[in-house]
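Handing you this structure, nothing more for now.
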Amino acid sequence: MLTAVKGLPRIRPHYDEDSRYLFQVLLAATSVVEANIALDLLSKTVPDKALVACVNLREAIKAIPPTPFRMAVDEDVLIRTGGLTKDLACFKRETPDGYSVIVTTAGNLVLDLIVKVEGEKHFWTPVPATEDLVDPALVCHIIESDHLFEAVIEVVKAMGMVFNPTLYLSVDDWHLEYARETIEGLDGLF
């Protein structure tokens, strides 16, 4: 968790109007081919350390289970360990920079993980969940906030879920890990 969150300051200086879409594709797309193309395009202007932070952030986002899923604890334990408060039919955690991480449940079934900021609600898992790992509109919030992604990870861990993303030391390591899947994906395009 710490590696993915601590890598955010390396990404921020390179996240601008010109690169925003490529970062969004790299971090949110379920398709390794799309992520790989975005990574290659970003490598022309973004230093390797920032790209490594990006692929590690992608792996951390990928490690968040898509909703709905069963958590390993009940609602009372979730409130106690996750630092959440009950608000009507959902559980909420506020971050110091104005985000609300909201969980809706039915017993130990997590129905939705929602991020609310400035009156806008974003479901963590987009519908359909086959195209993106996370709602693409949340990518800018994940990158720009010092607290949002860390709070999401802490809430997921409070649910008793295993959070153990694969972390890479170089972009080449990431390419090697996904080489087969990328080749098969490219083969399917042609």
Side-chain angles (χ1 to χ4, degrees), residues 1-11 26-32 34-36 39 51-86 89-95 99-116 122-136 138-139 141-143 145-171 173-182:
M1 167 186 84
L2 293 175
T3 303
V5 173
K6 287 189 177 194
L8 289 172
R10 286 195 170 148
I11 298 168
L26 175 58
L27 295 173
T30 56
S31 166
V32 176
E34 290 177 26
N36 213 340
L39 180 61
L51 293 175
V52 171
C54 247
V55 296
N56 285 333
L57 179 58
R58 175 185 168 78
E59 293 299 316
I61 289 170
K62 189 173 150 187
I64 305 284
T67 56
F69 63 90
R70 294 207 178 278
M71 62 182 170
V73 299
D74 62 21
E75 292 171 342
D76 293 332
V77 173
L78 176 63
I79 291 171
R80 211 172 46 249
T81 60
L84 296 149
T85 56
K86 188 164 184 155
C90 60
F91 305 99
K92 186 188 321 187
R93 179 173 175 176
E94 302 287 335
T95 66
Y99 290 92
S100 297
V101 178
I102 302 166
V103 179
T104 59
T105 64
N108 72 335
L109 180 66
V110 175
L111 301 173
D112 284 305
L113 181 60
I114 302 165
V115 174
K116 185 176 178 184
H122 301 279
F123 290 86
W124 188 267
T125 304
V127 178
T130 56
E131 293 181 20
D132 294 305
L133 301 170
V134 64
D135 180 351
L138 282 173
V139 170
H141 297 291
I142 292 169
I143 291 174
S145 172
D146 287 328
H147 306 283
L148 174 61
F149 193 54
E150 186 173 1
V152 168
I153 293 169
E154 288 172 1
V155 167
V156 168
K157 289 172 71 175
M159 294 173 183
M161 305 306 294
V162 175
F163 181 79
N164 190 21
T166 304
L167 298 177
Y168 298 97
L169 298 176
S170 72
V171 173
D173 290 343
W174 190 83
H175 280 301
L176 287 172
E177 178 73 24
Y178 290 103
R180 179 178 177 199
E181 194 172 334
T182 300

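Keep in mind that the numbers below use all heavy atoms, side chains included, and drop hydrogens, waters and symmetry copies. Index from 1, following the sequence.
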*Passes side-chain contact (heavy atoms from CB on, under 4.5 Å), Trp124 versus Ile64? Steps please.*
CA-CA 9 Å; Trp124 188 267; Ile64 305 284; 3.5 Å; yes
*Run the side-chain contact (heavy atoms from CB on, under 4.5 Å) check on Asn36 and Tyr178 step by step: do they pass?*
CA-CA 9 Å; Asn36 213 340; Tyr178 290 103; 5.5 Å; no
*Do you know which two heavy atoms are closest between Asp135 and Pro126, and how far apart they sit?*
N-CD, 3.7 Å
*Rounded to the nearest 0.5 Å, what separation is found between the CE atom of Met159 and the CZ atom of Phe69?*
4.5 Å
*Do Glu59 and Thr166 pass the side chain to side chain donor-acceptor pair (under 3.5 Å) test, and can you show the C-alpha distance, the side-chain angles, and the key distance before you say yes or no?*
CA-CA 6 Å; Glu59 293 299 316; Thr166 304; 4.6 Å; no
*List the atom of Pro165, the atom of Ala63, and the distance in Å for their closest heavy-atom pair.*
CB-CB, 4.0 Å
*Keeping the roles fixed (side chain from Thr67, backbone from Leu113), state whether a donor-acceptor pair exists under 3.5 Å.*
no
*Nearest 0.5 Å please: distance from the CG atom of Leu8 over to the CG atom of Leu148.*
9.5 Å
*Closest non-hydrogen atom pair, Leu26 against Ala35*: CD1-O, 3.5 Å
*Shortest non-hydrogen contact from Ala29 to Asp132?*
CA-OD1, 3.8 Å
*Verdict with supporting geometry, Leu111 and Thr105, side-chain contact (heavy atoms from CB on, under 4.5 Å)*: CA-CA 5 Å; Leu111 301 173; Thr105 64; 5.7 Å; no
*Quick one: list whatever passes side-chain hydrogen bond (donor to acceptor under 3.5 Å, both in side chains) with Asp112, sequence neighbours left out.*
none
*Residues forming a side-chain contact (heavy atoms from CB on, under 4.5 Å) with Arg70, sequence neighbours excluded*: Asn108, Leu109
*Pairing residues for Ser145 by the side-chain hydrogen bond (donor to acceptor under 3.5 Å, both in side chains) criterion, not counting sequence neighbours*: Asp97
For residues 78-85, which side-chain N or O atoms pair as donor and acceptor with protein atoms under 3.5 Å away, sequence neighbours left out?
unit_1, atom_1, unit_2, atom_2, d
Thr81, OG1, Val77, O, 2.8
Thr81, OG1, Ala158, O, 3.3
Thr85, OG1, Lys92, O, 3.3

*Sub-4.5 Å side-chain heavy-atom contact between Ile61 and Ile142*: yes
*Contacts of type salt bridge (charged side-chain N to carboxylate O under 4.0 Å, His left out), residue Arg10, not counting sequence neighbours*: none
*Hey, could you give me the CG/CG distance between Asn56 and Leu167, rounded to the nearest 0.5 Å?*
4.5 Å
*Asp146: partners by salt bridge (charged side-chain N to carboxylate O under 4.0 Å, His left out), with sequence neighbours left out*: Arg12
_Checking Val52 against Leu169 for the side-chain contact (heavy atoms from CB on, under 4.5 Å) test, could you report, in this order, the C-alpha distance in whole Å, the side-chain angles of both residues, the deciding distance, and whether it holds?_
CA-CA 7 Å; Val52 171; Leu169 298 176; 5.9 Å; no
_Once rounded to the nearest 0.5 Å, what's the spacing between atom NZ of Lys86 and atom CG of Asp76?_
8.0 Å
*Any side-chain heavy atom of Pro65 sitting closer than 4.5 Å to one from Met161?*
yes
*Check Gly7 against Ala53 and note the closest heavy-atom contact, atom names and distance.*
O-CB, 3.6 Å
*Nearest heavy-atom neighbours spanning Thr30 and Arg58*: O-NH2, 3.8 Å
_Using 0.5 Å steps for rounding, measure from the CZ atom of Phe149 to the CG atom of Leu57._
5.5 Å
*Can you name the residues that form a ring pair (Phe, Tyr, Trp, His ring centres under 6.0 Å) with Tyr99, not counting sequence neighbours?*
His141
*By side-chain contact (heavy atoms from CB on, under 4.5 Å), which residues pair with Glu177, not counting sequence neighbours?*
Tyr168
*Could you tell me the separation between the CG atom of Leu39 and the CG atom of Leu27, rounded to the nearest 0.5 Å?*
10.0 Å
*What pairs with Ser31 under side-chain contact (heavy atoms from CB on, under 4.5 Å), at least two apart in sequence or on another chain?*
Val33, Glu34
